[in-house]
Amino acid sequence: MRRGAILPGILAAAVFGCNAASTRSIDDGGTPPSSGSGGTHPTGSGGSTGAGNGGTSGGTGSGGVGVATDGPSCGVKTFGLTKVPPDLLIVQDRSGSMAMLPDGSNCSRRDATCTAMTKWPQITAAINQVVMQTEDTIRWGLKFFADDDLCGVNDGAAVPIADKNAAAIAAAIAGAMPLSSTPTRAGLVSAGAYLATLTDPNPKYVLLATDGLPNCGGQMGIFGSQGDDSAATIQAVTDIAAKGIPVFVVGIGSIPDAQTTLTAMAVAGGEAQTADPKYYPVANTADLVTVLGTIGGMIGSCSFGLGTVPPDPTNIAVTANGSKIPKDTTHTNGWDYGTGQTSIQLFGQTCEDAKAGKLMDVQAIFGCPGKIIP
């Protein structure tokens with residue numbers, strides 16, 4: 001596991017500039033002389049070396065703010081970073097088979113006890129429970145597929161990602177029921193397009209929860225387009241992951257005919273389990289609560305917002321406790337950019353050390369273009 005619960009007390013800062021040793025900053029300067037040769041304070045108004053609106057030497061300066069220009073330094077500014085909660089979009093299957101028991105059998109319509117044990121109430125109860133417990137540390141959103149009784153999928157999300165979304169998600173679930181086909185590909189394509197519209201710096205993830213093979217692949221049946229759509233669905237997961245948005249795959253109930261597809265999607269999403277099955281299998285509320293807790297712990301604590309894209313994204317150093325952390329695009333051990341290069345993510349043992357409280361001072365040092373940080 002790479003990530004866990006958010007730890008208080010970790011101090012993080014970004015240091016801008018080409019010369020990390022410099023601490024010179026903006027200064028309001030003094031009142032300019034009414035006549036004479038002008039002052040020489042490097043940041044004063046009316047001085048001969050300032051970059052403010054002051055007059056030339058011997059003139060009458062108009063005041064203004066000067067900025068030091070001490071040699072090669074382009075100015076250094078330090079500000080605090082904050083850990084950012086992840087954006088996690090649940091892409092939830094509401095196909096008719098979700099009204100079956102986890103073993104694939106049906107209940108009598110009059111057997112309320114049996115109906116309560118079917119997949120839909122079991123899974124949605126777990127979602128409501130975990131979202132309620134974690135809405136302060138994870139920004140949840142919810143998308144159903146399909147949005148009609150066949151293969152239709154709407155743009156956007158049923159519940160857009162936002163802070164404290166437990167009540168909104170519970171209301172959306174209460175207003176839905178399992179009745180559609182399984183347009184998994186269309187649901188994922190729409191989810192990826194929606195996440196791409198978000199401009200916040202938070203790391204983004206998809207949690208796909210489904211109980212069967214993707215259909216709606218083109219072959220027409222009694223309930224509309226019903227052809228197997230596995231290959232295109234695996235490609236849709238691949239495309240989302242290529243945008244820097246990992247996809248967790250949860251398989252609901254006993255679905256032997258879909259295991260190959262679920263495994264391929266889990267691998268393509270970049271968050272496969274080490275052991276088989278590569279996806280996360282669940283059969284009841286307790287299983288999904290455990291899985292959602294595991295996933296929440298994996299994504300929650302090793303992301304730091306930078307606030308902006310670095311001046312030169314190839315020239316940045318990340319340190320902790322005074323030691324440099326290596327950049328690692330394989331995500332084995334080190335750091336890498338989050339989506340849009342406006343956050344950094346720690347991985348591997350570095351992330352584990354952060355979760356354990358061993359890294360108490362995380363900094364990002366931005367170098368200016370052409371001035372390489374040693």
Side-chain angles (χ1 to χ4, degrees), residues 1-5 85-94 119 123-124 126-131 133-135 137-145 157 159 161 165 169 182 184-185 187-192 194-196 198 202-212 214 230 233-253 255 258-283 285-303 331 338-339 345 347 351:
M1 301 299 176
R2 297 193 304 271
R3 318 169 184 88
D87 293 343
L88 181 54
L89 180 65
I90 300 171
V91 181
Q92 176 62 54
D93 185 350
R94 59 172 290 272
K119 289 178 277 189
I123 296 310
T124 55
I127 291 172
N128 283 334
Q129 177 180 330
V130 174
V131 172
Q133 292 171 344
T134 61
E135 64 174 349
T137 56
I138 297 175
R139 286 163 44 90
W140 294 90
L142 177 65
K143 181 175 184 62
F144 295 118
F145 65 97
V159 181
I161 286 174
N165 245 352
I169 286 176
T182 314
T184 317
R185 175 192 57 79
L188 288 166
V189 170
S190 179
Y194 162 69
L195 289 171
L198 302 184
N202 307 49
K204 293 164 178 58
Y205 300 86
V206 167
L207 190 152
L208 170 66
T210 183
D211 77 331
S230 294
T233 303
I234 295 166
Q235 184 60 51
V237 174
T238 302
D239 293 343
I240 292 175
K243 297 176 182 178
I245 304 173
V247 180
F248 293 91
V249 178
V250 174
I252 305 168
I255 39 180
Q259 286 187 4
T260 299
T261 297
L262 290 170
T263 295
M265 287 194 293
V267 172
E271 295 292 348
Q273 297 197 96
T274 302
D276 291 326
K278 301 301 183 185
Y279 61 93
Y280 291 87
V282 300
T285 298
D287 286 349
L288 186 55
V289 167
T290 299
V291 166
L292 292 178
T294 297
I295 292 172
M298 291 171 66
I299 68 177
S301 74
C302 293
S303 297
H331 299 175
T339 304
Q345 179 77 39
F347 296 96
C351 178

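- The structure places CD1 of Ile123 at 7.0 Å from CD of Gln92, a figure rounded to the nearest 0.5 Å.
- Judged by distance alone, with hydrogens and angles left aside, the side-chain atoms of Ser190 form no donor-acceptor pair with the main-chain N or O of Gly187 at under 3.5 Å.
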>> Determine whether Thr134 and Trp140 satisfy the following criterion, side chain to side chain contact (heavy atoms under 4.5 Å, CB included), listing intermediate values before the conclusion.
In response: CA-CA 9 Å; Thr134 61; Trp140 294 90; 2.9 Å; yes

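- Considering only heavy atoms from C-beta on, His331 stays 4.5 Å or farther from Cys351 through its side chain.
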> Hey, mind stepping through Val249 and Val247 against side chain to side chain contact (heavy atoms under 4.5 Å, CB included) and telling me if it holds?
Replying inline: CA-CA 6 Å; Val249 178; Val247 180; 4.3 Å; yes

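- A distance of 10.5 Å separates OG1 of Thr261 from OH of Tyr279, quoted to the nearest 0.5 Å.
- The heavy-atom pair separating Ser230 from Pro214 by the smallest distance is OG-CD, 3.8 Å.
- In terms of heavy-atom proximity, Thr233 sits nearest to Met265 at CG2-SD, 3.5 Å.
- At a threshold of 4.5 Å between non-hydrogen side-chain atoms, the residues Phe145 and Leu208 count as touching.
- Taking 4.5 Å as the limit, every side-chain heavy atom of Asp287 sits out of range of all side-chain heavy atoms of Val291.
- Within the model, atoms CG of Leu207 and CG of Leu288 stand 7.5 Å from one another, a figure rounded to the nearest 0.5 Å.
- Counting all heavy atoms, side chain and backbone alike, Ala126 lies closest to Leu292 at O-CD1, 4.0 Å.
- Residues Val130 and Ile138 fail the side-chain proximity criterion, which asks for heavy atoms closer than 4.5 Å.
- Lys119 pairs by the salt bridge (Lys or Arg N to Asp or Glu O under 4.0 Å) definition with Asp211, not counting sequence neighbours.
- The minimum heavy-atom distance between Asn165 and Glu135, with the atom names listed, is N-OE1, 3.3 Å.
- Between Lys204 atom NZ and Lys243 atom NZ the span is 12.5 Å, to the nearest 0.5 Å.
- Note: Phe248 and Tyr280 have tilted aromatic rings, judged against thresholds of 30 and 60 degrees for the angle between ring planes.
- Separating the CZ atom in Arg139 from the CG atom in Leu198 is a distance of 7.5 Å, to the nearest 0.5 Å.
- With rounding to the nearest 0.5 angstrom, the CG atom of Leu88 is 10.5 Å from the OG1 atom of Thr137.
- Val91 and Ala191 make their closest contact through CG2-CB, 3.8 Å (heavy atoms, listed as atom of the first residue, atom of the second, distance).
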> Between Leu195 and Lys143, is a side chain to side chain contact (heavy atoms under 4.5 Å, CB included) present by the stated rule, with each step listed?
Replying inline: CA-CA 11 Å; Leu195 289 171; Lys143 181 175 184 62; over 6 Å; no

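- Side-chain N or O atoms of Gln129 include none that pairs as donor or acceptor with a backbone N or O of Gln133 at under 3.5 Å.
- For Leu188 against Ile240, the heavy-atom pair with the smallest separation is O-CD1, 3.3 Å.
- Using a 4.5 Å heavy-atom cutoff, the side chains of Pro85 and Asn202 are in contact.
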>> I'd like to know whether Val189 forms a side chain to side chain contact (heavy atoms under 4.5 Å, CB included) with Asp239, so could you lay out the CA-CA distance, the side-chain angles of the two residues, the decisive distance to 0.1 Å, and finally the verdict.
In response: CA-CA 9 Å; Val189 170; Asp239 293 343; over 6 Å; no

